[in-house]
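Scroll down for the structure; my scribbles are underneath it.
Numbered from 1 within each chain, the chains take letters A, B, ... in sequence-line order.
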Amino acid sequence: MSSIDSAFLIAVFRRAADRLEAERQALCALDGEIGDGDHGTSMANGFAAINDHLRGMARQEATPAAVLRDAASTFLAEVGATVGPLYATAFLHGARLLEAGDLDRQQIGRLVVAMADGIKARGQAELGDKTMIDVWYPAGHAAIAAAAEGGSPAEVARALRMAAEQARETTVTMIAARGRASRLKERSLGHLDPGGASAAIILAAIADTLASAA
Amino acid sequence: MSSIDSAFLIAVFRRAADRLEAERQALCALDGEIGDGDHGTSMANGFAAINDHLRGMARQEATPAAVLRDAASTFLAEVGATVGPLYATAFLHGARLLEAGDLDRQQIGRLVVAMADGIKARGQAELGDKTMIDVWYPAGHAAIAAAAEGGSPAEVARALRMAAEQARETTVTMIAARGRASRLKERSLGHLDPGGASAAIILAAIADTLASAA
Amino acid sequence: IKKFLNSPKDAVNEALEGAFAAFPDHIEPIDGSPRAIRARAAKPAGKVGVVIGGGAGHEPSFLGFVGPGLADAVAVGNVFASPPPDRVLACTRDAHRGAGVLYVYGNYTGDVMNFDMAADLAGAEGIEVRTVLTSDDIASAAHDDRAARRGTAGNVFVFKIAGAASARMYGLAECERLARKANDACHTIGVAMESCSMPDTQRPSFKIGEDDMEFGVGVHGEPGVTRVPIESADRIVDQICDRIFAEMQPRPGDRVAVLVNSLGGTPMMELLILNRRLRKRLEAREIAVHSTLVGHYCTSLDMIGASITLMKLDDELTGLLDDPCDGFAWSFSGRRPS
Amino acid sequence: IKKFLNSPKDAVNEALEGAFAAFPDHIEPIDGSPRAIRARAAKPAGKVGVVIGGGAGHEPSFLGFVGPGLADAVAVGNVFASPPPDRVLACTRDAHRGAGVLYVYGNYTGDVMNFDMAADLAGAEGIEVRTVLTSDDIASAAHDDRAARRGTAGNVFVFKIAGAASARMYGLAECERLARKANDACHTIGVAMESCSMPDTQRPSFKIGEDDMEFGVGVHGEPGVTRVPIESADRIVDQICDRIFAEMQPRPGDRVAVLVNSLGGTPMMELLILNRRLRKRLEAREIAVHSTLVGHYCTSLDMIGASITLMKLDDELTGLLDDPCDGFAWSFSGRRPS
Ligand SMILES: Nc1ncnc2c1ncn2[C@@H]1O[C@H](COP(=O)(O)OP(=O)(O)O)[C@@H](O)[C@H]1O
Ligand SMILES: Nc1ncnc2c1ncn2[C@@H]1O[C@H](COP(=O)(O)OP(=O)(O)O)[C@@H](O)[C@H]1O
Ligand SMILES: [Mg+2]
Ligand SMILES: [Mg+2]
Ligand SMILES: [Mg+2]
Ligand SMILES: [Mg+2]
């Protein structure tokens, strides 16, 4: 089986960038309801910048860890914001994992959880705080479980995608305890977490890349 | 026949004030289209101030000329604006006419024309410039003509009112050459002149007071 | 349209009370009337008095431009309505220090009638009054009909020059000459995206189509001279520049002062975007920018829109512009010739 | 919603270019980046550097508060988004004059993470950095959870105090103490009538009912803490005052500085009406007003709304507040103790 290499990651970033661009306004609208309305802008612009940057990289030579490190610094410098440090740290944690040794594509869940750990380390959110980690962790764990049960890449991809979608919906029932929306207290109830929504988009891009490469 | 006395003028001001108040928003809307949207405010507040002031006057003692002079200063001090000096001068011209000798109510047209002369003297507008004088003059002349033909007070009142209404409509076809609307040039075409519209209201109040007193 | 208001008819007086409370070092009522206002700073005998004024709804105009190096007194009318003569007269008496009084205000029928009546009354009291009507809005009438044009944001520069001249203790005729010269040097065009709404109606005074804007608006929420499709900020500035340059006929090496003014609802971020393009256009013509004001200087209630004013400078106007001034809306420590 | 814009994604950089063009005496880019900005005025060796910053969309915040007696450098992010660490670091290096650097910025997750990363990087270069988070918005969290509150218009006062302390050549610890004290003294509540709209969407970020307003909003177009029916200006001020007084516990004879701030679309006339009632409420409590700012200081794009900030003063804060300062949004020649 093939491992998570640069080409795979580059394909993920391309796919995610396209979809975030398509959902730019929808994500801004979600963020407008309980935040400051910029989430779609940050995510779409940030991933577009990663994409532009990766296009310029000598693809052959870059290790997958290097791709993630570059994505981290590009994203951070482009958007700053709340998501900048969070995703930059996520990518760096992912890079560290891949530096430790090649990771089989089926083990994508481990990369997802590593990234979630990065987000958590940086943002200090707990599960249930109505943040993006409420989507990253369940999705990662579902993918790990599917792989552990011997699922095919397509099955792992399906598990990842489904879990992300479900987890995104659960954020509706949470009261925000981190980030801007936390000032709204109960008023954040009944709304999707925008960071959770964009997380689901990125996770779907990972899943689809896994499924289509398989 | 009775002459134009203080009671008559006070009744006119009361009636006009009520109707201008009722048309406050409509006049502002007309002025919003080709002016600055304040005409209803100036006219309604100005006539309300006159009314308040006259209520405090010792009605018995005041001559009709004194009523008009008081109306002039009250209106001017209250509204300033474009209409302040115009109507103040109108009232002063009217006062001068009444000081020259008692005026029969049937001769109301002469008072109206005297007031129009005041407006014209102050504002330097010509007929056809799309201003309030395009309503005051035709109405005054129609009332004079009706009286000359021996019409009853009710007939004079009718002539006054009809002419004012018609004249107001003719302002739609004029291009403003005076005041704020003149900067719009051809764009003022197709709109009623707000000052003409409020003039018609005042003239109707005069006509109705004449008719009801008769 | 939602606003912070109590009874609409009290809006002007309440705003003025709020201004006296906020800026006690700058302004105070004359004889207790909130509508006739003087600068707090002492005015020396023999100084020409500068009296400005106009309707309310333009805040911080006009009262923000009263103080040392600016006007001495300001008469305030109702919203978009000239102050009556008695108030202008109160300002005139207060500003008179034996050297006569200069009126500087926008060229509007109402203002002209009321200020002229006040000037007559002042004249009868032995106070010499001269008048300079501002007419910087070049969209409002043709080039050969400058006298028909209205005064808009360029006011601010004319007040400054008149105030500086009077602070230098120039005589009345000289103050008048300089104010007139400043006005002649000012060229303004305004554009509006949305109409304003009056306190009294709380409805937009007129409607502009979804994709349209008004070109050549004044500062009273009036419709503009033409309605045109909305364009990008840069194209809007280009249209304004084309019109101003055609009129101003700038030559390479000319110097200007710039005012990018919000009509009320347009925030500073957008004004700065306009200023960027404006600067590029000026640079392309090799016109030097001596100084720039960007912000809310002469508003039209909550109108969404902006105006650009260029004042063409010579050494005389530059010197006066560089004098210090201290109104609550324009406080400047001055600039020495370099 | 119509705006003066070119491509939305260029809006921030274009606005900054416009600002550099408009205020060349006040600000300039550091190393050519428009997003890391320094005060033009020379900074003496041994002076503590004051670095401020945050997202764009608050103009004239934060760049208008850079200059003598204010901050030394400002890092600018995207609209409503914290600047990334590299830019903050560029500001830090530039502001460092051997005496360390004080960060002053609003308490938001994004800003805290980015500035903290920058502080770590600066620390690694041997630059000592201290941080004061502003948290003046008392509506945003309970009294006993002050650390969770966000920073809003009170920023302006905290920048002023920090800048004055550093201009007096106080050390880093003392500058930090005073900035913290200023922040503790600031109490802000904001209300919004209409949401703002981002350049990118040009649609209102959220809808408020016809007859409702949001109470307790920040400066990022977020919904407020509660949605309440619109009331008169006076009643709105009363609600704000009740809330602030409950927190501030003023006693007769206390002194405050006041900021009545537009959130962008609300014009000065309405701010003045708010200030009138505010003054009455303060007078009734026998609270003296030392000084007042009214205008557009910390906006939320084109949001229709306003905020009121009271900073409770003691002699130390009063002295620092009275020092001169010169940013393009706050230029003040200073006031000597009377
Ligand atoms: N401390 C945190 N840890 C993890 N995620 C967070 C944290 N704070 C906020 N978020 C996520 O960030 C999202 C908001 O992102 P964005 O709108 O880009 O930032 P901002 O609120 O600064 O505008 C939230 O929906 C939430 O998912
Ligand atoms: N020079 C003038 N002579 C007579 N009437 C005039 C003149 N200028 C304007 N008007 C009248 O004044 C009306 C506008 O009044 P108003 O709205 O109160 O004044 P403003 O334009 O100053 O706001 C116009 O509709 C017109 O009838
Ligand atoms: Mg956001
Ligand atoms: Mg009008
Ligand atoms: Mg008017
Ligand atoms: Mg944000």
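In terms of non-hydrogen atom pairs under 4.5 Å with chain D, the most contact-rich of A:Ala181, A:Gly37, A:Cys28 is A:Gly37. Chain D forms more heavy-atom pairs under 4.5 Å with one residue of A:Gly84, A:Ala81, A:Gly179, A:Gly32 than with any other, namely A:Ala81. Contact count against chain A (heavy-atom pairs under 4.5 Å) is highest for D:Glu214 among D:Arg35, D:Glu214, D:Lys9, D:Lys207. For the set A:Ala29, A:Ser182, A:Gly35, the count of heavy-atom pairs under 4.5 angstrom toward chain D peaks at A:Gly35. In terms of non-hydrogen atom pairs under 4.5 Å with chain A, the most contact-rich of D:Gly55, D:Gly77, D:Ala148, D:Ala141 is D:Ala148.
Between the side chain of D:Asn78 and the main chain of A:Asp38, no donor-acceptor pair closer than 3.5 Å is present.
Heavy atoms closer than 4.5 Å to chain D are found in the side chain of A:Arg187, but not in its backbone. Contact of D:Asp86 with chain A is made through the side chain alone, with heavy-atom distances under 4.5 Å. Residue contact with chain A, scored on non-hydrogen atoms closer than 4.5 Å, involves the side chain of D:Arg87 exclusively. Contacts of D:Arg149 with chain A are made by backbone atoms alone, with heavy-atom separations under 4.5 Å and no side-chain atom involved. Proximity to chain A (any heavy atom under 4.5 Å) is shown, for D:Gln202, by neither the backbone nor the side chain. In this structure, the portions of D:Asn114 lying under 4.5 Å from any heavy atom of chain A include both its backbone and its side chain. Looking at D:Pro83, only its backbone comes within 4.5 Å of chain A, counting heavy atoms on both sides. In this structure, the portions of D:Asn107 lying under 4.5 Å from any heavy atom of chain A include both its backbone and its side chain. With a 4.5 angstrom heavy-atom cutoff, D:Val225 touches chain A via backbone and side-chain atoms both.
Within a 6.0 Å radius of CD in D:Glu125, more than 12 heavy atoms belonging to other residues, nucleotides or ligands are found. Annotation for D:Asp31: atom CG does not count as buried by contact number, only 12 or fewer foreign heavy atoms lying within 6.0 Å.
Nearest heavy-atom pair, D:Pro84 versus A:Ala77, reported as atom, atom and distance to 0.1 Å: CG-O, 3.4 Å. Nearest heavy atoms, D:Met198 versus A:Asp36: SD-O, 3.6 Å. Annotation for D:Asp200 and A:Arg24: closest pair OD2-NH1, 2.7 Å, computed over non-hydrogen atoms.
Side-chain contact between A:Leu86 and D:Met113 is present, with heavy atoms from C-beta onward closer than 4.5 Å. D:Pro223 has its side chain within reach of A:Leu184: a pair of non-hydrogen atoms, C-beta onward, lies under 4.5 Å apart. Between A:Arg180 and D:Glu222, some side-chain heavy-atom pair lies under the 4.5 Å cut-off. Looking only at side-chain heavy atoms (C-beta outward), A:His39 and D:Phe80 stay at 4.5 Å or farther from each other.
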Are A:Leu76 and D:Met117 close enough, and set up right, to give a side chain to side chain contact (heavy atoms under 4.5 Å, CB included), and what steps lead you there? CA-CA 11 Å; A:Leu76 182 59; D:Met117 289 170 89; 3.8 Å; yes
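Of the inter-residue distances, the one linking A:Glu186 atom CD with D:Thr226 atom OG1 reads 12.0 Å to the nearest 0.5 angstrom.
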